[in-house]
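So the structure is just underneath, and the comments pick up after that.
Predicted model, so just to flag it, every value in this text is computed and none were measured. As the structure lists them, so they are numbered: ligands from 1, and atoms in each ligand from 1.
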Amino acid sequence: MKIAVIGAGIVGICTAYELALDGHAVSVFERHAAVAEEASFACAGHQSASLAHPLAFPAWPQASRLRALLQPSGIALGRGTTLAELRWLGGWKMRSLGFVERFSAAQKLVAYSLERQQALATQASLAFEQAQGPLLLLRSEAALQAYQPTLAALAELGVVAKVLSPEEARKLEPALGAELALHAAVCFPNDGIGNCRQFAHALKDRAVDLGVAFHFATPVTALSHNPHTTVHTANQAPQSFEQVVVCAAGGAAALLAQGANAVPLTRVWSYSLSAQIREPLNAPRSAVIDGHSQLGISRLGARIRVSGGAELGGTPHGRPEASTRALYLALQSHFPGAADFSRSMQLWKGASLFSPDALPLLGKSAQPGIWLNLGHGHSGWSMACGAARLLANQIAGRPSDVDATLVQPTRFKT
Ligand SMILES: Cc1cc2nc3c(=O)[nH]c(=O)nc-3n(C[C@H](O)[C@H](O)[C@H](O)COP(=O)(O)OP(=O)(O)OC[C@H]3O[C@@H](n4cnc5c(N)ncnc54)[C@H](O)[C@@H]3O)c2cc1C
């Protein structure tokens, strides 16, 4: 079939590659001049659902509805926060109460995705920076106790998580700051860290080898139907396709805003700061997440990256000083002496796209010929390879390897 993929972030690249593997004639339309220039540019690199990101599953695992609603969301409200975003926040906290089922769905998709990623990496000889076994740092007995229900739920889902003493944690991450108050840590040996942008670039090259046509610097302005879907762009003649897959993340709302395809998606902004490693012995071997600040610090080859924050109502440019200062301070306190502050550092802000229930929209849309693969929230890198294979199977009419009921785009009736 002749298929268009809109968006060349990590999700679009994986989707294009899988569709080309299935023998389709694939064209990718991307508004930037290269792949992975938006949300996939400098993400933390975690490939995990085990860490149960509080942003995706804020009520995790709260027994009481009232407690869940009172719990601070950890989301900062920027000056530009709209009424629609506030409504999303309210609905998101309410809906988070059904988290076990949704978390389980996310976890299965990530596990499937990691398997698929390793298969692709081997099959296509993809080299990218990666590591295993991130640690969640717990700073007090209260934090460890608060995490117990999560551990029990993870165990039920079959996720391997080992509680470590501070000494055991420091054996795995010997460069952790000596001054850092550490009460315990949880190790997730099966979770990974990987360089998302590097993987996207490498897979794009393999996609070209498979015959995928890339149209860079080509913003898609509209989709129309006649009866095939026509892709209209800012700078090329319209082209018709038998199927169109929208992987446009932050740009999808403008394309899907009308009629049956309208979906409620909200952008949540986060930050990352990357620096060259000054002294490898002072740097993390893999990655840690501080359970208190929710900041993550990972090693990506010769660089160290700290990331976190969550803001509604942001813009790509505004960078509140408090958010960026927190990143610098975390680098210094958690891995002192690791970052080379004398060389240029990369401060980046990106938006994760959340659906109202924090699960992706993956599959057939309400509009014939249009498929969606977007809204992966804070787990887009973790889910990209699996989501792409699931979608390719659906387009081919093959049975799904993973139950995709909870991620169907049509679950939000608008
Ligand atoms: C600070 C930060 C840290 C993160 N850490 C992690 C992590 O540790 N693990 C994890 O799994 N996830 C993480 N994420 C989330 C992850 O980065 C995203 O979920 C993922 O990158 C989304 O990929 P995507 O391809 O859907 O979106 P994008 O990378 O944004 O790609 C969408 C593409 O579509 C293009 N596009 C949009 N509209 C149009 C149009 N009209 N025409 C043509 N092209 C268009 C855009 O230019 C863009 O290239 C993090 C996110 C942030 C911001």
Fill in: is_close_aromatic(H376, F354), centroid dist under 6.0 Å
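Ring centroids of H376 and F354 are no less than 6.0 Å from each other.
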Item to complete: Working to the nearest 0.5 Å, report the span between CG of L203 and CD of Q198.
Response: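 The CD atom of Q198 is 12.5 Å from CG of L203, to the nearest 0.5 Å.
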Worksheet item: Nearest 0.5 Å, what's the CD-OG distance between E173 and S286?
Response: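 Reported value, rounded in 0.5 Å steps: 6.0 Å.
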Worksheet item: Would E38 and R31 pass as an ion pair if we require N to O under 4.0 Å?
Response: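 R31 and E38: salt-bridged.
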Discussion item. Under a 4.0 Å threshold between the charged nitrogen and the carboxylate oxygen, would R139 count as salt-bridged to D290?
Written reply: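 A salt bridge links D290 with R139.
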Worksheet item: Going by atom types alone, do Q118 and Q130 pair a side-chain donor with an acceptor below 3.5 Å?
Response: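 Looking only at side-chain atoms, Q130 and Q118 do form a donor-acceptor pair, the distance falling under 3.5 Å.
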Item to complete: Kindly tell me which protein residues have any non-hydrogen atom under 4.0 angstrom away from an atom of ligand 1, grouped by chain and ordered by number?
Response: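 If the criterion is a heavy atom under 4.0 Å, then ligand 1 touches G7, A8, G9, I10, V11, F29, E30, R31, H32, E38, A39, S40, C43, A44, G45, H46, T218, P219, V220, C247, A248, A249, G251, L255, S270, Y271, W348, G350, S352, G377, H378, S379, G380, W381, S382.
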